[in-house]
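Since the structure comes first, as structure tokens, the remarks are kept for the end.
Both ligands and their constituent atoms are indexed starting at 1 by order of listing.
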Amino acid sequence: MAAGLAISHGQTKDPGLVGRDAEVAEIGAFLAATAGAPSALIIVGDVGIGKTAVWKHAVHAASGTYRVLSCRPARAEAPLAFSALDDLFGGVLGEMLPGLPEPRRRALEAALHGSPGGPFTISQDETTIQPRPRREAAARGATATRAGTGGGPIGRGGTQSRGGASGQERLRAEGDGPDGHGRPRPEPRLLARAVLDGLRILSRDRPVLLAVDDAQWVDRPSAQALEFCVRRLDQAAVSILLTLRGEDPVFPLGVEQALSPACLACAQLGGLSPGAIGTILRARLGVTFPRSTFRRLHEACGGNPLYALESGRALLERGRACAAGEPIPIPAGISDLVRPRLRGLSPDALRVGRLIAASADPREHVIRAAHGGQDSWAAMDEVIDDGLIRRDSDALRFTHPLLGPVLYAEMTAGERRDVHRRLARSAGDVEERAWHLALGADGPSGEIAGLLDDAARHAAARGAPETAAVLAEQAMRMTPSRPSPEGPARVLRAADYHFRAGEIGRSRELVESALTGCPAGARRAALLIRQAAISCHQSGWAQAEQLFHQAALEAAGDPELRAHAEGELAQARLAAGDLPAASRWAAAALRSAERAGRPRLLAHSLAHVAAVEFLRGNPVRADLLALAERAGAGAGDEPVEFLALAGPALFAGAILKWSDRLDEARQCFTGCYRRTLDRGDDASLPYLLAHLSELECWAGNWDAAAEYAREGRTVASETHQQAMLPAPMCSLALVLAHQGEVTQARGLATEALGLAERTGNVPLMSTALAVLGFIAVSLDDYPAAHAHLGQLTRLAAGAGLDQPSVVKFLPDEIEALAALGETGLAESYLRRLRARGQALRGPWALATSARCRAHLAGMAGDHVGARAACAEALAEHERLPMPFELGRTLLTKGITQRRARRKSAAAESFGQALAIFERLGAPLWAAKARRELSAGAPRPPAGGLTQTQHRVAALIAQGQTNREIAAAMFITVNTVQTHVRHIFQKLGVRSRTELAAVLLATQARTGVFPGAHKRDGDPG
Ligand SMILES: Nc1ncnc2c1ncn2[C@@H]1O[C@H](COP(=O)(O)OP(=O)(O)O)[C@@H](O)[C@H]1O
Ligand SMILES: [Mg+2]
């Protein structure tokens, strides 16, 4: 596979049904509501859109309620009479036949496979049915097996014995109605009656679902018999589930005439979302395509999974990515599906079609102008009347997604050039005009390449770096081969646009090809900086650092490039956990930036120095930030070529966030976020979103926090920024941990920790460890908490990080150490935390250090000290917008009050803490508060669970529903409900999530579930 075409994941697998939740729910609801009465539902849509996939899913889901009889007729040249009936009823003949009157029984036996004459074939004109010669009959057996659904929950497989086999002799003996071949032929009406009787028998104790995939291929005799039955179903509990190829919902088998509208439904399948198609391609082909290729693939296929799979395979077989403007390959088998619709078009209509196919944005007036003159009206009407094109407000669209790609692919190179030249003449927009000029040109042209440069800049400025990248690459191709400075500059720009758009693999290819043979010096330094930035996003800082060093050396005479390289080296040292060196590089970058005299660069370097100095424990350098802001404000629009993450505002936002000024930080970050989105800068998004998420988590806006983190994770993985991935993963883990989803949170944090270790990123390792420590504290698992946080303490000290409000773990470590009896160490950390808080006047450090002081004092019996510390903490909380921390302080306050035997005051504090945790949705911490409340209450609630209750609780913790638990334990749902009520009372929990969290917490502490030893019958 060519590098950059796709990322291979190696394995392929069945993704299951993807992205059809709404349809599946609709079908499920309909089948559930109509079970027991005649009803019909059809699934309609284009070939390959996924009708069979949805049908199979629905049939499988219905098999709990319904007895399913299914068939999947295949298109065949000479259709076999009764093959659909045979597939539907062949396996249940044994149940049907005994209940049928003799003549009907014989008719049924004769028609279905077990008869001596069958199978029958139908004549071309569908007027006569005749038995098939023996050799063909044998082949038909094989077809039936293949067309069946493979013996799964649907279909009946090909090998079941048929109930009617014993009737063969008798039939032959009776010689009933022999045809020209001396064999019996079924009488249609008798047969239909027999099927109807059979359906009534089968549906007596369980509703029947007749499920037919591709109803258009049901052989005519079977269809007639079924239609006869449908008209006479009366009250029989028979439902019908069909798939039908086509665009319009046309109900087959006469169901529309026979059933009332309420008993009819239609699920029309449209194209799948890009996300769903991406999942299917990843699973089935084991690859992820670059985003721009994927976007075009999805567009060309109109969300049709079959087309997408086939085109994706064709792309992989060809082994190279599509160049800009080159059509996505549509394999012959797929393009054959629409080719007949293109036959018979007049030359004029064909020309219109081709213009639309070659145009990215086919506005009607542009197409008409490109087509030229009077003829355009008639030609336009013709393609619209033919159903090839439809008007979509001002634009013209093909009625089928494949028509455009097929038309384009079938043009010769000369025809394409002509079409593009015409479009260039009529295009109004700079980007479109340059694009069509390039595709209409006979060869390279300096003038057109220049127009493409302008067009790329135009696209980048409107926040479309993907388009800019495509245009820039086209400019590269259009550059005449004689050496000129424009060529390398174009490559660099194209690489930058790709990088910005998150198309990092392509960016890397361009940079690496330009590096080959490039002599040492400023030009090479510029390329090395790009190569390093890419390497840093994909594999982490360790590898990138050497490249940045090399770049700094080669850029000696170019202060701008040098500032750039030195700034990145500061980041590299920061990631490596070496803040003193980071500080030296940041200062060097600032000096170079001053020499370079570029305001944007200067702003960036100033903010960078401020951030590094803050991390080392120094007060906020408001002076530097103000200078940065002033320099940035005068710099005008940020050049798209600038590679560094989000820019000075990101550093400023981070400093505000770490200084507990969350509202200002939010404003700063959301501004960054908007600009990043406007610029289409996917490379900066994951890190920025991780910051935003952590901020909202601290501020108690957990849904927003989770959403930001998820978005960051999606962007990072879609754009293959492996090294950026742990940042949003940690943020997500932190929110989930607060929300009591500890298993998931722990998994994420552990994975993030591994990734951060592999990419050598100390700040991210620290964040992951802090989350793991917090999870353990939430579960009262102090040894585990100390294991993580002790490691983190060493890491932070080694790095020179002396700002406890950045990675907020010290209060957790102090609590863990106190619980483990390590009071001396706890006291020393407490002094540090408090000193940092006092030096910076940071409310978070002051509030949490006072809380920890109260905790330690209370444990030591110093009730007066504890009380004073609580008051101090609460005063700091007044200026700290972090509600969860306030809840924790109130919890600590309650505990110290109870220790001082001030029971009602304690109860009030616990109640306040509980209210906060409940409002935030922190079940583990709400349960802690509730446990403390009940521990002080006059009559503690009963403790242990009975064995049965314990089992029920364990199943709830696994996420099972009451119905599933009832089934698993062979008890009724009502009984389960009663158990659940008692369990909630005993454990003092209010929701299933809370229950799961409490069980996990107890398990972490003791290794067993609460009260697991009581036997049923013991007083509960
Ligand atoms: N929602 C889906 N999730 C996963 N795969 C799908 C989905 N829809 C279709 N496919 C896959 O796409 C291909 C075409 O789907 P199919 O159900 O056979 O289409 P149809 O019956 O409409 O012609 C099959 O390989 C199928 O497995
Ligand atoms: Mg199908």
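Residue Ile280 touches ligand 1 through its side chain alone, judged by heavy-atom distances below 4.0 Å. Using a 4.0 Å cut-off between heavy atoms, Lys51 contacts ligand 1 through both its backbone and its side chain.
Residue Arg20 approaches ligand 1 through these ligand atoms, each under 4.0 Å from one of its heavy atoms: 1 (N). With ligand atoms numbered from 1 in the order given, ligand 1 contributes 19 (O), 22 (O) to contacts under 4.0 Å with heavy atoms of Ile49. Ligand 1 places these atoms under 4.0 Å from at least one heavy atom of Leu17: 1 (N), 2 (C), 3 (N).
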Apply salt bridge (Lys or Arg N to Asp or Glu O under 4.0 Å) to Glu410 and Arg354, showing your working.
CA-CA 10 Å; Glu410 289 184 349; Arg354 287 172 167 180; over 6 Å; no
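Judged by a 6.0 Å distance limit and a 45° cone about the ring axis, Arg232 is positioned over the six-membered ring of Phe228.
Taking 2.8 Å as the criterion, Thr52 counts as a coordinating residue of the Mg ion (ligand 2), since one of its N, O or S atoms falls below it.
Nearest non-hydrogen protein atom to atom 26 (C) of ligand 1 is Arg284 NH1, 3.9 Å. Among protein heavy atoms, atom 23 (O) of ligand 1 sits closest to Gly48 N, 2.6 Å. Of the protein's non-hydrogen atoms, the one nearest atom 3 (N) of ligand 1 is Val18 N, 2.8 Å. Of the protein's non-hydrogen atoms, Thr52 OG1, 2.7 Å is the one closest to atom 21 (O) of ligand 1.
Counting heavy atoms only, Ala53 comes closest to atom 7 (C) of ligand 1 of the residues Gly303, Pro15, Ala53. Residue Gly16 holds the heavy atom nearest to atom 4 (C) of ligand 1 of all those in Gly16, Gly50, Pro305.
Side-chain atoms of Ser39 do not come within 3.5 Å of backbone N or O of Ala35 as any donor-acceptor pair. Formation of a donor-acceptor pair under 3.5 Å by the Ser311 side chain with backbone atoms of Pro329 is found in this model. Judged by distance alone, with hydrogens and angles left aside, the side-chain atoms of Ser239 form no donor-acceptor pair with the main-chain N or O of Pro38 at under 3.5 Å. When atom types are taken as modelled, the side chain of Thr293 and the backbone of Phe289 share no donor-acceptor pair closer than 3.5 angstrom. In this structure a side-chain-to-backbone donor-acceptor pair under 3.5 Å is present from Asn304 to Val47.
The closest approach between a heavy atom of Gly45 and any atom of ligand 1 is not below 4.0 Å. Ligand 1 lies less than 4.0 angstrom from a heavy atom belonging to Asp46.
Aromatic rings from Tyr307 and His400 are positioned such that their centres are separated by under 6.0 Å.
No salt bridge links Arg296 with Glu299; every basic N to acidic carboxylate O contact stays at or beyond 4.0 Å.
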